[in-house]
A.B. asks: 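The structure is given below, and queries will be raised subsequently.
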Amino acid sequence: PRVTIVGAGRVGSTLAQRIAEKNLADVVLLDIVAGMPQGLALDLMEARGIELHNRQIIGTNNYADTSNSAIVVITAGFPRKPGMSRDDLLKVNAKIVVAAAKNAIAFSPNAILIVVTNPLDVMTYLAKQATNLPRDRVMGMAGVLDSARFETFVALELGVLPADVKAIVLGSHGDLMVPLPRYATVNGIPVTELLDQATIERMLARTRNGGAEIVELMQTGGAFFAPASAASVMVESILLNQSRLLPVATYLQGEYGLENVVIGVPCRLGCGGIESVLELTLSDGEKAALQASAQSVRQNIHRAQE
Ligand code: NAI
């Protein structure tokens, strides 16, 4: 199979490396900057003999070269600068994502679209609207990353293996994300048994601020290693038809009492894209948090369309 990545910046190029080196698919890297994706592709091709894989990596500025991709990942657009919120990227990135989605789907009409560009939930909504794809074939990456951040902080606090910590974060990708700490475990043991409430709250706050913490430290752009890992897991579950149950930004059609909006909820990802949406029983507080999250996404969808 072939995966196209639109936007060969830091997230896009790292994702290309992950996909090729996990031997999941051939990769087409597309960017507007002339020569840049071609150079990255050549560099990745030259690593193949050392990394022991035989995947093709093509760099291009032309959508015709992306034809017949099974998956298109959109990472094109601007990342945050220090002091900016994801919503500050709204208008500038909306144009880029809408054009990228339309162009890519014109050459790969059967592709599954994974949006990464921020503000994530709004961009995913606009990509769905622009392409008219069914909801199982348009999704956004955020929850896998936000969950991984929370898991990281729990693992660091307890001194346990990160892979042993499992948690899920729902809602929009931003300050109004909805972590569900009561579902977080270390190999099945609830985190609420292992850590006091104040410590958990501190880690949730750090998770909400996880992207900004890295933007502030780096000063030039944001996180890209963990985001690329998170996107690659979604690509993998689709290509290998693993049906993994992951938090995915999806277009809701009445689930959780919400419709005509995109936010993160647990979804099973397989070869057709989103195979099903899992509706968890939420407490009143969690429901209210999810509603608030959806409401902010709706407002930004309106702003983007003004
Ligand atoms: P970057 O600046 O390194 O890369 C973006 C690339 O997009 C650049 O190479 C640029 O030339 C390209 N580009 C711009 N307009 C384009 C167009 N019209 N067509 C094709 N390519 C175009 O940025 P980075 O760090 O890779 O981040 C990319 C996006 O992903 C940002 O919006 C960032 O906020 C978002 N992001 C989202 C995450 C999530 O959890 N959903 C996590 C990390 C980043």
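All figures in this text were calculated on a predicted structure; none of them were measured in a lab. Both counts, for ligands and for their atoms, begin at 1 and track the order of listing.
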A.B. asks: With a cut-off of 6.0 Å (strictly less than), are more than 12 heavy atoms of other residues, nucleotides or ligands near CD of Glu259?
C.D. replies: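 Open: at most 12 neighbouring heavy atoms sit under 6.0 Å from CD of Glu259.
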
A.B. asks: Please write down residue, atom name and distance for the protein heavy atom closest to atom 3 (O) of ligand 1.
C.D. replies: Arg10 N, 2.9 Å

A.B. asks: Could you check whether any heavy atom of Met36 sits closer than 4.0 Å to an atom of ligand 1, since that is the contact criterion I want to use?
C.D. replies: yes

A.B. asks: Do Pro179 and Thr207 come close enough that some side-chain heavy atom pair is under 4.5 Å?
C.D. replies: no

A.B. asks: Listed by chain and number, what are the side-chain contact (heavy atoms from CB on, under 4.5 Å) partners of Ala148, not counting sequence neighbours?
C.D. replies: Glu151

A.B. asks: For Asn93, take its heavy atoms, then give the atoms of ligand 1 lying under 4.0 Å from any of them.
C.D. replies: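 Counting atoms of ligand 1 from 1, those under 4.0 Å from Asn93 are 32 (O).
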
A.B. asks: Please work out whether any backbone atom (N, CA, C, O) or any side-chain heavy atom from C-beta onward of Asp146 is under 4.0 Å from ligand 1, and answer side chain, backbone, both or neither.
C.D. replies: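 For Asp146, no heavy atom sits under 4.0 Å from ligand 1.
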
A.B. asks: So, taking the atom named OG in Ser293 and the one named CG in Leu176, what distance separates them when rounded to the nearest 0.5 Å?
C.D. replies: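 CG of Leu176 is found 5.5 Å from OG of Ser293.
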
A.B. asks: Would you mind reporting whether Met123 and Leu90 have side-chain heavy atoms less than 4.5 Å apart?
C.D. replies: yes

A.B. asks: Do ligand 1 and Arg80 have nitrogen or oxygen atoms that lie under 3.5 Å from each other?
C.D. replies: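 No; the residue has no nitrogen or oxygen that sits under 3.5 Å from a nitrogen or oxygen of the ligand.
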
A.B. asks: Out of Val116, Leu29, Val97, Val92, who gets a non-hydrogen atom closest to atom 35 (C) of ligand 1?
C.D. replies: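 Comparing heavy atoms across Val116, Leu29, Val97, Val92, the nearest one to atom 35 (C) of ligand 1 lies in Val116.
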
A.B. asks: Given the rule in the salt bridge (Lys or Arg N to Asp or Glu O under 4.0 Å) test, do Arg55 and Glu21 qualify, once you have shown the distances and angles that lead to the verdict?
C.D. replies: CA-CA 8 Å; Arg55 294 296 180 179; Glu21 291 180 1; over 6 Å; no

A.B. asks: Does one side chain, of Asn209 or Arg206, offer a donor that lies under 3.5 Å from an acceptor on the other?
C.D. replies: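 Result is no, nothing qualifies.
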
A.B. asks: List the closest protein heavy-atom neighbour of atom 26 (O) of ligand 1: residue, atom name, distance to the nearest 0.1 Å.
C.D. replies: Val11 N, 2.8 Å

A.B. asks: Can you confirm, on distance only, whether ligand 1 has an N/O atom lying under 3.5 Å from any N/O atom belonging to Ala76?
C.D. replies: no

A.B. asks: Does atom CG of Asp175 have more than 12 heavy-atom neighbours, drawn from other residues, nucleotides or ligands, at distances under 6.0 Å?
C.D. replies: no

A.B. asks: Side chain, backbone, both or neither: which applies to Ala223 and ligand 1 if a contact is any heavy-atom pair less than 4.0 Å apart?
C.D. replies: backbone

A.B. asks: Hey, are the side chains of Val116 and Val73 touching, using non-hydrogen atoms and a 4.5 Å cut-off?
C.D. replies: yes

A.B. asks: Give the atoms of ligand 1, by number and element, whose distance to some non-hydrogen atom of Ile96 is under 4.0 Å.
C.D. replies: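 Heavy-atom distances to Ile96 below 4.0 Å select 15 (N), 16 (C), 17 (C), 18 (N).
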
A.B. asks: Verify whether one side chain among Arg18 and Ser229 offers a donor that lies under 3.5 Å from an acceptor in the other.
C.D. replies: yes

A.B. asks: Suppose I only count heavy atoms of Leu120 and a 4.0 Å limit; which atoms of ligand 1 are within that range?
C.D. replies: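 Here the atoms of ligand 1 in question are 41 (N).
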
A.B. asks: Considering only heavy atoms of Phe78, which atoms of ligand 1 have at least one such atom less than 4.0 Å away?
C.D. replies: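 That gives atoms 31 (C), 32 (O), 34 (O) of ligand 1.
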
A.B. asks: Look at atom 4 (O) of ligand 1 and say which protein heavy atom is nearest, naming residue and atom and giving the distance to 0.1 Å.
C.D. replies: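 Result for atom 4 (O) of ligand 1: Gly9 CA, 3.1 Å.
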
A.B. asks: Using a 4.0 Å heavy-atom cut-off, which part of Val33 comes near ligand 1: side chain, backbone, both, or neither?
C.D. replies: side chain

A.B. asks: Taking only heavy atoms of Pro227 into account, list the atoms of ligand 1 that are under 4.0 Å away from them.
C.D. replies: 42 (C), 43 (C)

A.B. asks: Closest non-hydrogen protein atom to atom 40 (O) of ligand 1, residue and atom name please, with distance?
C.D. replies: His173 NE2, 3.0 Å

A.B. asks: According to the side-chain hydrogen bond (donor to acceptor under 3.5 Å, both in side chains) rule, which pairs have a member within residues 99-125, sequence neighbours left out?
C.D. replies: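 Checked against side-chain hydrogen bond (donor to acceptor under 3.5 Å, both in side chains) - neighbours excluded - the pairs reaching residues 99-125 are Tyr125-Asn260.
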
A.B. asks: For a quick check under 3.5 Å, do Arg268 and Ser276 share a side-chain donor-acceptor pair by atom type?
C.D. replies: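 Yes, because at least one side-chain N or O of Arg268 sits under 3.5 Å from a partner of the opposite role on Ser276.
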
A.B. asks: Identify the closest protein heavy atom to atom 9 (O) of ligand 1: which residue and atom is it, and at what distance?
C.D. replies: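 Result: Asp31 OD2, 2.7 Å.
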
A.B. asks: Under a 3.5 Å cutoff, is there a donor and acceptor pairing between the side chains of Thr199 and Glu157?
C.D. replies: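 There is no such pair between these side chains.
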
A.B. asks: Test your reading of the structure: does Tyr63 have an N or O sitting under 3.5 Å from an N or O of ligand 1?
C.D. replies: no

A.B. asks: Please examine the side chains of Leu89 and Pro119, heavy atoms only from C-beta on, and report whether any two atoms are closer than 4.5 Å.
C.D. replies: yes

A.B. asks: Would you check whether Gly77 reaches within less than 4.0 Å of ligand 1, judged by its heavy atoms?
C.D. replies: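 Yes.
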
A.B. asks: Considering only protein heavy atoms, which is closest to atom 41 (N) of ligand 1, and at what distance to one decimal place?
C.D. replies: Met141 O, 2.8 Å

A.B. asks: Which of the numbered atoms in ligand 1 are under 4.0 angstrom from any heavy atom belonging to Leu145?
C.D. replies: 40 (O), 42 (C)

A.B. asks: Could you check whether any heavy atom of Ala100 sits closer than 4.0 Å to an atom of ligand 1, since that is the contact criterion I want to use?
C.D. replies: no

A.B. asks: Go through ligand 1 atom by atom and flag the ones less than 4.0 Å from a non-hydrogen atom of Asn118.
C.D. replies: 32 (O), 33 (C), 34 (O), 35 (C), 36 (N), 37 (C), 38 (C)

A.B. asks: As an exercise, identify every atom of ligand 1 less than 4.0 angstrom from a heavy atom of Thr75.
C.D. replies: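 Heavy-atom distances to Thr75 below 4.0 Å select 5 (C), 28 (C), 29 (C).
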
A.B. asks: With a 4.0 Å heavy-atom cut-off (strictly under), which part of Pro79 contacts ligand 1: side chain, backbone, both or neither?
C.D. replies: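 It is both parts that get close, each with some atom under 4.0 Å.
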
A.B. asks: Relative to ligand 1, is Ile32 under 4.0 angstrom through side chain, backbone, both or neither, heavy atoms considered?
C.D. replies: both

A.B. asks: Ignoring hydrogens and angles, state whether a donor on the side chain of Gln291 or Glu286 is under 3.5 Å from an acceptor on the partner side chain.
C.D. replies: no

